[in-house]
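Heads up, the thing below is written out as structure tokens.
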Amino acid sequence: HLNALKENGLVYECFCTEEEILKSKEIAVKSKRPYIYNGRCANLSAGEKEKLSLSLKEKGLYPSIRLNIAQVLRMDSSFDSIEFNDAVHGRLTFNSKLIGDFILKTEDNRFAYNFASIIDDYDLGITHVIRGEDHISNTPKQILVLKALGKEPPVFAHISLLYGKDGKIMSKRDAAANIQYYKEKGYLPEAILNYLAVTGNTFTAHGYRNGKKEILEKEIFSDILEMAELLDIKKAKGSGAIFNEEKLRHINERWLAGMPAEKLIKILTEKFQAGDVLKKLQETYGESLYIEIIGFLKNEFKTVKEILKEIDIFFDGVNIKLDGIEYDIKLKDALLNNLRHTDDFGENSIKNIIKETASGNGKTVKECYETLRLFVTGRLDGPSILKIIKFLGKDRVVERLSV
RNA sequence: GGCCCCAUAGUCUAGCGGUUAGGACGUUGCCCUCUCACGGCAGUAACACGGGUUCGAAUCCCGUUGGGGCUGCCA
């Protein structure tokens with residue numbers, strides 16, 4: 001493609017240095033004039049070119065290659081103004097004369113983005129280019145390349161960018177904004193995708209409000225396919241959005257709750273190297289109770305990481321530390337005593353034992369729960385202690401209360 | 001500096017000439033409850049500013065301000 005442009009005299013070699021470019025730009029800015037590359041190298045004589053080429057070669061460099069926009073515009077007067085219909089921004093118009101002869105090939109002999117990208121897309125038969133709106137200003141350049149080659153441009157859609165709290169763009173090249181970081185933090189890929197899809201864009205579906213059927217905004221999807229079906233790029237907003245992790249957490253929680261326990265197990269094993277922990281849990285409790293525990297946990301937490309942290313309390317021989325926490329040792333012993341005399345560790349049974357212990361010791365039911373929770377899990381918050389006790393079973397509970 | 005994109009609560013948004021400006025996250029209170037979370041109910045909070053068009057503007061037009069992007073050969 002570059003050769004085709006060369007043959008038609010639409011490109012030229014440039015020997016300008018970075019210093020020269022910067023200087024001429026500075027002058028332009030100071031005098032409040034638009035900066036456009038002056039095209040100086042377009043008119044170099046063969047002798048000058050050879051000389052400059054040689055000195056570049058000594059440094060191991062090549063002359064860069066620019067598109068000669070003046071020549072391209074000569075091909076067709078309609079090229080003076082580059083218009084394209086952006087799928088999210090509508091009709092966009094640019095003045096070709098303000099673009100300036102940009103680089104197609106670099107000093108180190110590589111194709112520059114504005115050339116490589118559009119040519120690549122063309123060769124691959126790409127019909128729709130969807131990218132961030134930071135590329136809007138690059139689009140007329142790329143269209144010009146295509147026009148110079150006599151090709152038709154694809155459909156463009158420029159979607160809004162995501163920004164951090166500091167207002168800076170969240171770029172894929174920015175390590176702190178990497179998706180991998182959020183995956184490791186315990187967010188599901190589906191939830192991340194859901195969040196990303198729904199910010200800066202609106203999805204609608206039929207639903208019911210106050211008993212009446214209407215079109216409602218849809219924010220949380222049950223599967224990726226549904227999201228794909230409902231996606232409408234034309235509804236995308238042209239304004240940028242600030243990343244909101246709280247909302248991601250919320251969406252993640254919903255995906256977690258809607259996920260089968262088996263799938264969560266797969267994720268924990270493959271993505272969080274929790275295979276050993278899970279195997280231990282499975283061996284300790286048996287298949288069906290194991291699935292039940294995982295199913296229980298996935299409804300109680302917002303991220304995979306939080307679930308992983310909680311699994312530990314289900315194992316044998318956990319060492320509960322109660323340093324610096326106040327507790328009623330007598331109440332604990334009373335609970336222990338009463339629990340020893342039952343074999344029914346179902347929720348209702350435990351509930352009754354707690355009631356009896358409370359009234360028998362002049363304590364509140366709440367105090368009993370707290371004491372139990374403290375000795376069984378080491379904490380004062382967390383999921384239903386009745387359920388945890390049910391899963392743990394008599395032996396483990398009695399053991400923890402016996403310290 | 002030039003060119004371009006954008007502008008509704010703290011955040012994401014609905015709205016496309018007449019609405020009590022709707023929803024979601026957050027937040028506050030209440031209910032549920034052994035705690036946290038979930039769930040339910042209630043509350044909080046927004047049309048950047050100035051002109052114009054119009055009987056009527058969040059909505060259409062212009063300007064200002066503000067944010068963002070491109071402007072080097074990084075993608």
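Numbered from 1 within each chain, the chains take letters A, B, ... in sequence-line order. Any value given below was found using the heavy atoms of this structure, including those in side chains, with hydrogens, waters and symmetry copies removed. Treat the numbers as computed from the prediction; the structure is a model and nothing was measured.
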[X] side-chain N/O to [N] phosphate OP1/OP2 under 4.0 Å:
| X | N | result |
| --- | --- | --- |
| A:His89 | B:C5 | no |
| A:Lys165 | B:G10 | no |
| A:Arg131 | B:A75 | no |
| A:Lys25 | B:G1 | no |
| A:His135 | B:G69 | no |

- Between the side chains of A:Glu133 and A:His89, is a donor N or O closer than 3.5 angstrom to an acceptor N or O?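 Result is yes, a qualifying pair exists.
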- Indicate whether any N or O donor in one side chain lies under 3.5 Å from an N or O acceptor in the other, for A:Lys218 and A:Thr202.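 No pair is found: no donor N or O on one side chain lies under 3.5 Å from an acceptor on the other.
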- Task: I would like to know whether A:Arg131 and A:Ser117 meet side-chain contact (heavy atoms from CB on, under 4.5 Å); could you show each step before the answer?
- Result: CA-CA 12 Å; A:Arg131 38 148 66 154; A:Ser117 148; 4.2 Å; yes
Sugar-phosphate only, base, or nothing, as touched by [X] at under 4.0 Å among non-hydrogen atoms:
| X | answer |
| --- | --- |
| A:Lys141 | sugar-phosphate |
| A:Leu161 | nothing |
| A:Pro140 | nothing |
| A:Glu107 | base |
| A:Arg110 | sugar-phosphate |
| A:Lys302 | sugar-phosphate |
| A:Cys16 | base |
| A:Gly382 | base |
| A:Glu367 | nothing |
| A:Leu22 | base |

- Which one, B:C34, B:C5, B:C36, comes nearest to the side chain of A:Leu386?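 The closest nucleotide is B:C34.
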- Message: Measuring from the side chain of A:Glu253 (C-beta onward, heavy atoms only), which nucleotide among B:C34, B:C25, B:A37 has the closest atom?
- Response: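 Within the option list, the nearest is B:A37.
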Gap in Å between the two [atom1] atoms, one belonging to [N] and one to [M], rounded:
| N | M | atom1 | answer |
| --- | --- | --- | --- |
| B:G15 | B:G23 | C1' | 11 Å |
| B:U64 | B:C74 | P | 35 Å |
| B:G22 | B:A14 | P | 15 Å |
| B:G26 | B:A37 | C1' | 16 Å |
| B:G56 | B:U19 | C1' | 14 Å |
| B:A58 | B:U20 | C1' | 16 Å |
| B:A42 | B:A24 | P | 11 Å |
| B:U13 | B:A48 | P | 15 Å |

Check the distance between [N]'s [atom2] and [X]'s [atom1] and give it to me in whole angstrom.
| X | N | atom1 | atom2 | answer |
| --- | --- | --- | --- | --- |
| A:Ile169 | B:C74 | CD1 | P | 18 Å |
| A:Tyr37 | B:C3 | OH | P | 23 Å |
| A:Ile136 | B:C4 | CD1 | P | 12 Å |
| A:Arg91 | B:C5 | CZ | C1' | 17 Å |
| A:Glu300 | B:C34 | CD | C1' | 13 Å |
| A:Ile159 | B:G68 | CD1 | C1' | 15 Å |
| A:Lys105 | B:C74 | NZ | P | 15 Å |
| A:Asn85 | B:C4 | CG | C1' | 16 Å |

- Query: Salt bridge between A:Lys105 and A:Glu13, side-chain N to carboxylate O under 4.0 Å?
  - Reply: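 Looking at A:Lys105 and A:Glu13, the cut-off is not met.
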- Please indicate whether A:His341 has more than 12 foreign heavy atoms, meaning atoms of other residues, nucleotides or ligands, lying under 6.0 Å from its NE2.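 Counting other residues, nucleotides and ligands, NE2 of A:His341 exceeds 12 neighbours.
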- Message: Can you work out whether A:Asp134 or A:His250 has the more 5'-proximal nearest nucleotide on RNA chain B?
- Response: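 So the residue in question is A:His250.
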- Query: Between A:Tyr163 and A:Asp108, who's closer to the 5' end of RNA chain B by nearest nucleotide?
  - Reply: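 Checking each residue's closest nucleotide, the 5'-ward one belongs to A:Tyr163.
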What does [N] pair with, Watson-Crick or G-U, if both distances are under 3.5 Å?
| N | answer |
| --- | --- |
| B:A48 | B:U64 |
| B:G1 | B:U71 |
| B:G10 | B:C25 |
| B:G17 | none |
| B:C30 | B:G40 |

- Message: Check the orientation of A:Phe156 and A:His158. Use parallel for under 30°, tilted for 30 to 60°, and perpendicular for over 60°.
- Response: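 Geometry flag for A:His158 against A:Phe156: parallel rings.
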- Query: When the ring planes of A:Phe94 and A:Phe84 are compared, do they come out parallel, tilted or perpendicular, using 30° and 60° as the limits?
  - Reply: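 The rings of A:Phe94 and A:Phe84 lie parallel, inter-plane angle below 30°.
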- Within the distance-only criterion (no hydrogens, no angle test), does the side chain of A:Asn68 pair as donor or acceptor with the backbone N or O of A:Leu10 below 3.5 angstrom?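 Checking the backbone N and O of A:Leu10 against the side chain of A:Asn68, no donor-acceptor pair under 3.5 Å is found.
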- Message: Within the 4.0 Å limit for protein heavy atoms, which parts of nucleotides 12-17 of chain B are touched? Write it as a string from 5' to 3', B for base, S for sugar-phosphate only, - for none.
- Response: SSS---
- Item | Flag side-chain contact, heavy atom, 4.5 Å: A:Glu20 against A:Arg40 |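 Side-chain contact under 4.5 Å: yes.
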- Query: Taking only residues at least two apart or on different chains, which pairs with a member in residues 3-61 of chain A satisfy ring pair (Phe, Tyr, Trp, His ring centres under 6.0 Å)?
  - Reply: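 Pairs touching residues 3-61 of chain A that pass the test: none.
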- Message: Strictly by ring pair (Phe, Tyr, Trp, His ring centres under 6.0 Å), give each pair with a member in residues 357-377 of chain A just once, sequence neighbours left out.
- Response: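 Non-adjacent pairs meeting ring pair (Phe, Tyr, Trp, His ring centres under 6.0 Å): A:Tyr327-A:Phe375.
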